[in-house]
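Being a predicted model, the structure only gives us computed values, none of them experimental.
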Amino acid sequence: MKLVSKSFFVFILLNSSLLLAQFNVNNMSLEAGYGYTGAIEPYYKGFKSNFSGMNHFNVGVRYMFTEKIGAKVSYKFDHFVNDPGGKVGITYNTISVSGIYNIGKQLGLTYLTRDRLGVNAHVDAGVAFAYMIGKNEYEKVGVIGIGITPMYNISNKFALTADFTHNITMKQHYGFDGLLLDPEYKPQSGSFYNFSFGIIFYLGENRYHSDWY
């Protein structure tokens, strides 16, 4: 009986320690990035432009429910424009929600690098408000993305990131050149990618964030 009571006490003590550890880390962060937008299709190939360039910006708020699983709400800006000139193209203002998985912890990368390097994977779903440059026209386009985000920890409050995301558009009526794709207004799917560098600012009063704890 004493052995059972002692084992039960140890069990409660261990679980209490785990709960306290979870409450002693920060879970929320602010994130921002800037980089390259690459249009894949569709756009009219006769243009002397691929409508790609350093025209991507994003900002978001991420919350980690556990040390490996989290969610993120983001605003993304992508500007597809002909070069030179800037008179033909389209602008995407996208609101998205992402599911986050910390594959760095899954693979033991954070442990091996002593909490210096990490990697998050993400799946995004959002709506882009697409505005045609030089025209009083816009449409809403569904966007699904999948990406990977390496992270470098520089302090308890800041980390640097790089991100590559491949995006698929759903039912767009205008190409990345801002031109109507079909005279009968039939939608098409398309794709583009982002490559960006950014920064993470960890929110909270605790010393560590769950990314590195």
Side-chain angles (χ1 to χ4, degrees), residues 27-43 50-80 89-110 113 117-130 139-153 159-177 181 187-202 209-212:
N27 299 306
M28 187 172 291
S29 60
L30 296 178
E31 306 181 9
Y34 171 78
Y36 188 85
T37 292
I40 299 175
E41 60 178 358
Y43 63 87
N50 60 5
F51 294 89
S52 304
M54 296 294 291
N55 298 313
H56 171 79
F57 170 76
N58 68 79
V59 62
V61 179
R62 175 166 58 94
Y63 185 87
M64 299 301 292
F65 302 106
T66 71
E67 64 176 8
K68 295 179 182 177
I69 298 174
K72 182 179 177 181
V73 177
S74 303
Y75 163 76
K76 303 177 184 180
F77 174 85
D78 291 285
H79 192 52
F80 304 92
I90 195 169
T91 296
Y92 277 17
N93 291 277
T94 306
I95 303 296
S96 67
V97 177
S98 306
I100 309 293
Y101 188 72
N102 191 323
I103 60 175
K105 285 197 174 183
Q106 181 66 44
L107 299 176
L109 180 62
T110 51
T113 60
L117 296 178
V119 181
N120 281 342
H122 58 92
V123 177
D124 315 327
V127 177
F129 297 87
E139 68 170 344
K140 290 184 287 185
V141 179
V143 181
I144 298 175
I146 183 169
I148 188 167
T149 309
M151 303 179 293
Y152 179 74
N153 186 20
L160 301 178
T161 68
D163 180 84
F164 178 82
T165 303
H166 179 80
N167 304 283
I168 298 174
T169 60
M170 314 296 291
K171 295 184 177 181
Q172 65 182 97
H173 297 90
Y174 294 86
F176 295 118
D177 50 17
L181 294 171
Q188 298 182 22
S189 62
S191 60
F192 66 98
Y193 65 90
N194 305 122
F195 182 75
S196 61
F197 294 95
I199 190 167
I200 299 173
F201 175 65
Y202 294 115
H209 187 272
S210 61
D211 282 349
W212 311 107

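- R62 CZ to I100 CD1: the interatomic distance, rounded to the nearest 0.5 Å, is 6.5 Å.
- At a threshold of 4.5 Å between non-hydrogen side-chain atoms, the residues F176 and P42 count as touching.
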Practice prompt. Go through the steps for F129 and T94 under the test side-chain contact (heavy atoms from CB on, under 4.5 Å), then give the verdict.
Written response: CA-CA 6 Å; F129 297 87; T94 306; over 6 Å; no
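- Side-chain contact between F77 and H56 is absent, with no heavy atoms from C-beta onward closer than 4.5 Å.
- Here the shortest heavy-atom pairing between Q172 and S189 reads OE1-C, 4.3 Å.
- Distance check, rounded to the nearest 0.5 Å: CD of Q106 to CD1 of I69 gives 9.5 Å.
- Looking only at distances, no side-chain donor or acceptor of Y43 sits under 3.5 Å from a matching main-chain atom of G89.
- Taking OH of Y202 as the start and CG of L30 as the end, the distance is 11.5 Å to the nearest 0.5 Å.
- Nearest heavy-atom pair, A162 versus P150, reported as atom, atom and distance to 0.1 Å: O-CD, 2.9 Å.
- At a threshold of 4.5 Å between non-hydrogen side-chain atoms, the residues M64 and H209 count as touching.
- Note that CZ of F195 and CE of M54 are 9.0 Å apart. Values are rounded to the nearest 0.5 Å.
- When side chains are defined from C-beta on, S74 does not count as touching E31, because their heavy atoms never get closer than 4.5 Å.
- Of the options F80, F57, Y174, a ring-ring contact (aromatic ring centres under 6.0 Å, His included) to Y92 is made by F80 and by none of the others.
- In this structure, the side chain to side chain contact (heavy atoms under 4.5 Å, CB included) partners of I103, at least two apart in sequence or on a different chain, are Y101, V119, A121, I148.
- Side-chain atoms of S96 and D124 include no donor-acceptor pair closer than 3.5 Å.
- Residues meeting the ring pair (Phe, Tyr, Trp, His ring centres under 6.0 Å) test with Y152, sequence neighbours left out: none.
- A search for side chain to side chain contact (heavy atoms under 4.5 Å, CB included) contacts involving E67 returns K105, not counting sequence neighbours.
- Residue pairs meeting the salt bridge (Lys or Arg N to Asp or Glu O under 4.0 Å) criterion with at least one partner in residues 141-151, sequence neighbours excluded, are absent.
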Discussion item. What verdict does the side-chain contact (heavy atoms from CB on, under 4.5 Å) test give for V143 and K76, after you've listed the backbone C-alpha separation in whole Å, the side-chain angles of each residue and the deciding distance to 0.1 Å?
Written reply: CA-CA 11 Å; V143 181; K76 303 177 184 180; over 6 Å; no
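- I40 pairs by the side chain to side chain contact (heavy atoms under 4.5 Å, CB included) definition with H166, S191, Y193, not counting sequence neighbours.
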Discussion item. Evaluate W212 against T110 for side-chain contact (heavy atoms from CB on, under 4.5 Å), listing each step before the verdict.
Written reply: CA-CA 7 Å; W212 311 107; T110 51; 4.0 Å; yes
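- Counting only distance, with no hydrogens or angles, the side chain of T169 and the backbone of G190 share a donor-acceptor pair below 3.5 Å.
- The shortest non-hydrogen separation linking A39 to N50 is CB-O, 3.6 Å.
- When all heavy atoms of T165 and N167 are compared, the pair lying nearest together is CG2-OD1, 3.5 Å.
- A distance-only check finds a donor-acceptor pair linking the side chain of T66 to the backbone of K68 [under 3.5 Å].
- Between D163 and the options N58, T149, N194, N120, a side-chain hydrogen bond (donor to acceptor under 3.5 Å, both in side chains) holds for only T149.
- Residues N27 and F65 have side chains not in contact (no heavy-atom distance under 4.5 Å, counting atoms from C-beta outward).
- With sequence neighbours left out, N55 forms a side chain to side chain contact (heavy atoms under 4.5 Å, CB included) with H79, V81.
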